[in-house]
Structures are given as structure tokens and as C-alpha cells.
Amino acid sequence: MIIDIINKKRLGEELSYKELDFFFNGYLDGKIPDYQMSSLLMAICINGMTDEEIFALTKIFIDSGDVLEFSDIPGIKVDKHSTGGIGDKTTLVIAPIVASLGIPVVKMSGRGLGYTGGTIDKLESIPGYRIDLSDDEIVKQVHDIQLVVTGQTACLVPMDKVIYALRDVTATVSSIPLIASSIMSKKIAAGADKIIIDIKLGKGALLQTREDAEKLSDLMIKIGNFYNREVRTIISDMDVPLGKCIGNSLEVLEAIDVLQGKETSNSFVDLCIDLASEMVSMGKEISKEEACTMVKEALKDGRAYQKFLEMVQYQKGNLSQIKVSDHTFTVKAKTSGVLKKLDALELGKLSLSLGAGKESITDKIDYTVGIRLEKLVGEHVKKGEVLATIYYSKSKPNIEYDKIFGIR
Ligand code: URA
């Protein structure tokens, strides 16, 4: 039976719900070994899945754990997900904006993957901040302050945890059907009524072509329809990092600058406003233009920042203790011209080598290290001007200047 199923997918045939259920739950229960699951995942990666198979797999994922229920909390619950990128701290800005406008937000975020950072790692750079809330604590917090950003509870889609860990080490992460069911199962199980997905496209992202990003977008909207959830998507650039900072504490501080109105115009702020406007438009059932005006007001008058502080306090974080490394050095421009390249993937690798992420499961993250980009793409620079400040703690890293920066 096991081999017949793998063979069927290898030949590009459609698997039934029963076959998928048998295989995936068999793996979760420890009855099917890693090597056979890996083989099926690779066959899926190469031959794809039909819509029917993807709906079935999403259901199997959802049914593997708890499904949260917030129907007694008034208002449309709106959630957001990003497929992952370098310097992506949008959740830290948009979740408080949306909640400050009266829309309940329950966001269960993940850890970094590969070169990309995770929101939960960023929040852990705030000493004391709790990311391990139980289902009951989550429900109480949404009731009390309408905003929670926490890690995924162990009971939420346990299937995704085991399959994701295997995909990560079997070169099957970038399969579009597998990404779609992984993300959508978590969003639906987390109790969202409406969902916005930020699909990252480019060098520092899982997806490298617009065609693939559009395919993923269509698929997630279809899964949403199947489950009666409105899903909107944005495809956003990840050839260059998002914003100015990469690294956990640095990114939290950058998000705070945006919430305090100190940073008002760069591609990161624009994306935050765009995503928050989509969420408010869905949550209040108003046009995106009207929502955008409200979002900008909540940022400007400090309501969003107050909501952020309320959340950090509720989850026991102490912002005054957040630390960045005292050891820094700068990278200077070798020539004058316009900054044309800030390679997201290379900056992600540099950030990882500084210790801002994990290279192996047992590594400990150094929250204090990272990179601050002092110039962004499109800016004029003079020879000798500082392009970036590097915060390191162990040893000074080697900077592969030409791989990261391009000035013409
Ligand atoms: N993010 C997820 O949660 N799952 C994937 O498969 C890819 C990105």
C-alpha cells in the first residue's frame, strides 16, 4: 500500500483523500518512516497536486490538531501571513495598527526558516516576552485587548510541524501545493475569518518567478473559498531586504520607529500601510481607500504604538531591556553612484553568519546582532560613505562586498 501510493504519485496520478490520509497520518503516528514520506514529498514536488488533492491535504492538516474558535468575540477576525523574507517585520507594525482600529487580531507566528527571520524570534529579543501562550490564554487576551502575537501552540496543526521539518531537509520546501496547504491549514485552524497573504517574490524568497507566485496566490484563494474564508494576496518584492534592519532586536527597534512615526517613507512602511489597509478593509467591510486613511491616522496619532505597548506589557515583555551589540563596524562605498543592488539572499546569509538565525537546530540565536542598511536602493552615494553598519558579537565577519552591494 505504501509503495503503491508513492508509485501512483511518481507516475503523476491523483491520490484519493483516503490514500493521503493513510499516508500523512501514518507518518504523524510514526508508522511510516522518514524515507518513504520524503519520497512521496519529492514526487508531489515534481508532479504537483490536483485541486482535489490539495483540498484533501489541507483538511488532513487541519484535522491533525485543535481548531481555535473565536465566534463569541464580536467582529471579523482577520489574520495575515507572509511566505517569509529578509528583514520582514511587518507583523510587528500591522497587527497593532489593525487591532487599534477595533479589529481583533490573533496572530500565531513562526520562527526563522533558512536565511529568513521569524516574527517569534524577533519578539523573543524583548526580554520576558511570552510566545508560548496556551489556547485559553490566547482567547482571554483577545477578549481583553483584541491583540495577540504568539507562537503556534503545540496542538495547532501538528502535521505541519513534522512535515515542514522534513521538507526543510529534503529540498521540498518550494512545492506550491505543499506551501499552500501548510499556510492555509494554519490560518484556518487559528480561527481567522479573513486572511491576507503576503507572497514574497525574489532572491531572498521561497518563490523566484512571478508565475509561481501567481499560482500560489490562486491556490490559496481557492482553498479559502472552499473553507468559506475571504483570502486576499499581495505579491511583494524580496530581491532587496525589507526596510533598513536585519536581525532580531534591530528589527523590533525599527518597527517601533515606524509605530512612533519616526520612519515614514520607505518600502517597508509602504508595505505595512498596504497590508494593514487590506486587513482593515476586510475587517470593517469598507473600501481599501477608506481603510488606508484610517490606518495612516492610527499610525500618526500614536494609537497603533499604544496598542503595541499594551500587547508587549500583557505578554510580559520589557522593552527597556532590549539590547543591540556594542561591537559594530561600517561598510563604506567603494565608488560613487546610485545604489542599484542590496542582495537580499546575501544579506540573509550574512545575518545568519552573525548569529541572528540558526544554522542548525541546536544553535542559539544571538538577538543583539544584525545589519543596519544606511543607504537603500535608488539612493545616491559618494565613495567612502557608509552603506551599512554591522552589529557582531563573536568575531568580525568577512563581508563579500561585491556580492551584496552594487553601485552604478
Ligand atoms: N510558510 C509556511 O508556513 N509554510 C510553508 O510551507 C512555507 C512558508
NZ-CD1 distance between K89 and I246, expressed to the nearest 0.5 angstrom |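 Rounded to the nearest 0.5 Å, the NZ-CD1 separation comes to 7.0 Å.
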
Distance in Å, K403 NZ paired with K341 NZ, rounded so as to fall on 0.5 Å steps =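 One finds 9.5 Å between NZ of K403 and NZ of K341.
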
Without hydrogens or angle criteria, can the side chains of [X] and [Y] be said to hold a donor-acceptor pair below 3.5 Å?
{"X": "Q36", "Y": "S39", "answer": "no"}
{"X": "D34", "Y": "Y27", "answer": "yes"}
{"X": "E290", "Y": "S287", "answer": "yes"}
{"X": "R232", "Y": "S281", "answer": "yes"}
{"X": "S109", "Y": "K122", "answer": "no"}
{"X": "S100", "Y": "Q306", "answer": "no"}
{"X": "K323", "Y": "S249", "answer": "no"}

Should the heavy atoms of other residues, nucleotides or ligands under 6.0 Å from [atom1] of [X] be counted, would the total exceed 12?
{"X": "K296", "atom1": "NZ", "result": "no"}
{"X": "K186", "atom1": "NZ", "result": "yes"}
{"X": "D72", "atom1": "CG", "result": "yes"}
{"X": "K288", "atom1": "NZ", "result": "yes"}
{"X": "E379", "atom1": "CD", "result": "yes"}
{"X": "H143", "atom1": "NE2", "result": "yes"}

Salt bridge check, [Y] against [X]: does any charged N sit closer than 4.0 Å to a carboxylate O?
{"X": "K222", "Y": "D51", "result": "yes"}
{"X": "D239", "Y": "K203", "result": "no"}
{"X": "K262", "Y": "E254", "result": "no"}
{"X": "E346", "Y": "K349", "result": "yes"}
{"X": "D136", "Y": "K140", "result": "no"}
{"X": "E385", "Y": "K375", "result": "yes"}
{"X": "D237", "Y": "K200", "result": "no"}

Fit a plane to each ring of Y401 and F405, take the angle between them on a 0 to 90° scale, and name the class: parallel (under 30°), tilted (30 to 60°) or perpendicular (over 60°).
->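 Judged by the thresholds at 30° and 60°, the geometry between Y401 and F405 is tilted.
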
Do the ring planes of F55 and F226 sit parallel (below 30°), tilted (30 to 60°) or perpendicular (above 60°)?
->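 Correct class here is parallel.
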
Report the C-alpha distance between S217 and T233 in whole Å, list the side-chain angles of each, state the deciding distance to 0.1 Å, and finish with yes or no for side chain to side chain donor-acceptor pair (under 3.5 Å).
-> CA-CA 6 Å; S217 164; T233 61; 2.8 Å; yes

Taking side chain as C-beta onward, heavy atoms only, is [X] less than 4.5 Å from [Y]?
{"X": "K80", "Y": "E278", "value": "no"}
{"X": "I76", "Y": "E285", "value": "yes"}
{"X": "M282", "Y": "D193", "value": "no"}

Quick one: does [X]'s side chain have a donor or acceptor within less than 3.5 Å of a partner on [Y]'s backbone?
{"X": "S336", "Y": "K383", "result": "yes"}
{"X": "K307", "Y": "Q146", "result": "no"}
{"X": "N47", "Y": "K9", "result": "yes"}

I would like to know whether R130 and E137 meet salt bridge (charged side-chain N to carboxylate O under 4.0 Å, His left out); could you show each step before the answer?
-> CA-CA 11 Å; R130 287 193 55 209; E137 285 173 315; 2.9 Å; yes

Applying side chain to side chain donor-acceptor pair (under 3.5 Å), run through S16 and E19 and close with a yes or a no.
-> CA-CA 5 Å; S16 66; E19 286 165 326; 3.3 Å; yes

Verdict with reasoning, E124 to Y129, per side chain to side chain donor-acceptor pair (under 3.5 Å) = CA-CA 6 Å; E124 271 189 336; Y129 189 94; over 6 Å; no

Run the numbers on E69 and K77 for salt bridge (charged side-chain N to carboxylate O under 4.0 Å, His left out), then give the verdict.
-> CA-CA 10 Å; E69 178 50 71; K77 270 65 70 188; over 6 Å; no

Name of the residue among I60, L57, L15 meeting side-chain contact (heavy atoms from CB on, under 4.5 Å) with D21 |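 For D21, the side-chain contact (heavy atoms from CB on, under 4.5 Å) check succeeds only for I60.
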
Stepwise salt bridge (charged side-chain N to carboxylate O under 4.0 Å, His left out) check, K244 with D257 = CA-CA 11 Å; K244 292 185 174 165; D257 279 351; over 6 Å; no

May I have the step-by-step check of side chain to side chain donor-acceptor pair (under 3.5 Å) for T209 and E211, ending in yes or no?
-> CA-CA 5 Å; T209 66; E211 196 191 340; 5.1 Å; no

